[in-house]
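Structure first, commentary second.
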Amino acid sequence: MGDQEQQTPAEPVTEIEAVVTLQIRVTDWAALRAAGHRAVHGVRFVGNDPDAQRAAMAAEVDEGPQGALNVLLDPDQLLEGIPGVELLGGALTTRPADEVEPDFTELFPLDVPPEAAEGPGEGWLLTPRTACLLFEQLSALADAAYDDVEEYAGAPVLAGEEHEWAVLGRLPRLTWKQDVPWRREMARSFDDLAGDLADGRWPEPRCPAEELALELALADAAAALEDEPDHIAELMDGLPAHPFDYDWAACRECFPRHRHVLLLDDPELDGIEDPDSEANRELGLGDLRPPAWFTPFADAGPRDPERGFRR
């Protein structure tokens, strides 16, 4: 009997729905951005004007880590080089970290003696509930500030119309004519402080912009306790209560470094932001003109310059 022919088994055709959940911390924005641009270079664009499509995708990468990940984790990119599969469909959704609720009970434990707690205060703890509410307000303010930028771009805030703006109209009047890059940096200041809390650090302002960002968040947190009790109760579900909860006076004492920026909207102090003004020199305030708002205080470390923007 001759050799029997080898029978190749019929290959099954299977449709599979794969769900992958990743929690990612960006540790090197410059490296991630470079990887995103390499991925854009390797994409084969079809249809009208491939160059314009490539430029738009490259611009998305430059927007920040989320944009770069949108490119690198695209379903087509993930399946590139895997033999024997065909992409039938799919979508990618990435969310900024502030939409993933941190575990504030773990980040700010209550079993630490106040004198041993990390942070600028002595004899006081930043509690999980206080941290949670501040985090929510800072994140909401960041969203609202970016919304202002998207709606108004570089249009000036007009006197009498400041209440039509979500956030930027609440800033001192000397900021009302700032351009889009300045406004996006201001929006990022809220995110920077929220990021401190998400990482288990006390939100100590590092520059005048963050100083005002924290003051707005403290004011909004106090208002939320009065105006939204049901929402606050739901938000705090599962977080331990403590006598130090919502002590905004202690927060103001422990967090802000200078609070000079709070002087800027006093009509009697017009011009005090100029370091050459007599009042500024007498108080030793330094440069509080808007372009200097993102310059770190002398006793504070700078933020990562490559951290990008949420949007």
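The shortest side-chain heavy-atom distance between Leu126 and Cys254 does not fall under the 4.5 Å cut-off. Inter-residue side-chain proximity for Trp124 and Glu253 is flagged as unmet; no heavy-atom pair is nearer than 4.5 Å. Glu185 has its side chain within reach of Arg188: a pair of non-hydrogen atoms, C-beta onward, lies under 4.5 Å apart. A heavy-atom distance below 4.5 Å is found between the side chains of Trp293 and Thr175.
Contact between Arg183 and Pro156 at its shortest, heavy atoms only, is NH2-CA, 4.0 Å. The two residues Arg201 and Phe108 come nearest to each other via the heavy atoms O-CZ, 3.7 Å. For the pair Val71 and Val61, the tightest heavy-atom approach, listed with the atom from each and the gap, is CG2-CG2, 3.7 Å. Contact record, Pro290 with Leu174: CG-CD1, 3.0 Å, taken as the closest heavy-atom pair. Contact record, Pro203 with Leu197: CD-CD2, 3.8 Å, taken as the closest heavy-atom pair.
Applying the salt bridge (charged side-chain N to carboxylate O under 4.0 Å, His left out) criterion to Arg33, with sequence neighbours excluded, gives Glu306. Under the side-chain contact (heavy atoms from CB on, under 4.5 Å) criterion, Ala55 pairs with no residue, sequence neighbours left out. For Ser189, the side chain to side chain donor-acceptor pair (under 3.5 Å) criterion is met by no residue, not counting sequence neighbours. Listed by chain and number, the residues in a ring pair (Phe, Tyr, Trp, His ring centres under 6.0 Å) with His242 are Phe244 (sequence neighbours excluded). Residues meeting the side chain to side chain donor-acceptor pair (under 3.5 Å) test with Arg303, sequence neighbours left out: Asp196, Glu210. Every residue two or more places apart in sequence or in another chain was checked for a side chain to side chain donor-acceptor pair (under 3.5 Å) with Asp148, and none qualifies. Looking at residues two or more places apart in sequence or on another chain, you find no side chain to side chain donor-acceptor pair (under 3.5 Å) involving Gln178.
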Check residues 217-237 and write down every donor-acceptor pair under 3.5 Å in which the side-chain atom is one partner and the other belongs to a residue at least two apart or another chain.
{"from": "Asp220", "atom 1": "OD1", "to": "Arg170", "atom 2": "NH1", "distance (Å)": "3.4"}
{"from": "Asp220", "atom 1": "OD1", "to": "Arg170", "atom 2": "NH2", "distance (Å)": "2.9"}
{"from": "Asp220", "atom 1": "OD2", "to": "Arg170", "atom 2": "NH1", "distance (Å)": "3.1"}
{"from": "His231", "atom 1": "NE2", "to": "Glu136", "atom 2": "OE1", "distance (Å)": "3.2"}
{"from": "His231", "atom 1": "NE2", "to": "Glu136", "atom 2": "OE2", "distance (Å)": "2.9"}

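Sequence neighbours left out, the pairs with a member in residues 149-166 that pass salt bridge (Lys or Arg N to Asp or Glu O under 4.0 Å) are Glu150-Arg311. Residue pairs meeting the salt bridge (Lys or Arg N to Asp or Glu O under 4.0 Å) criterion with at least one member in residues 53-69, sequence neighbours excluded, are Glu63-Arg184.
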Task: Verdict with supporting geometry, Val167 and Asp147, side chain to side chain contact (heavy atoms under 4.5 Å, CB included) - done: CA-CA 9 Å; Val167 171; Asp147 288 345; over 6 Å; no
Open item on the list: Before you tell me yes or no, could you show the steps for Trp182 and Phe294 under ring pair (Phe, Tyr, Trp, His ring centres under 6.0 Å), namely the whole-Å CA-CA distance, both residues' side-chain angles and the distance that decides it to 0.1 Å?
Closed with: CA-CA 9 Å; Trp182 189 96; Phe294 310 105; 5.4 Å; yes
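Under a 4.5 Å side-chain heavy-atom cut-off, the cluster of Ile, Leu, Val, Met, Phe, Trp and Tyr residues that includes Tyr146 is completed by Phe309. Clustering of Ile, Leu, Val, Met, Phe, Trp and Tyr by side-chain heavy atoms under 4.5 Å joins Leu158 with none of the others.
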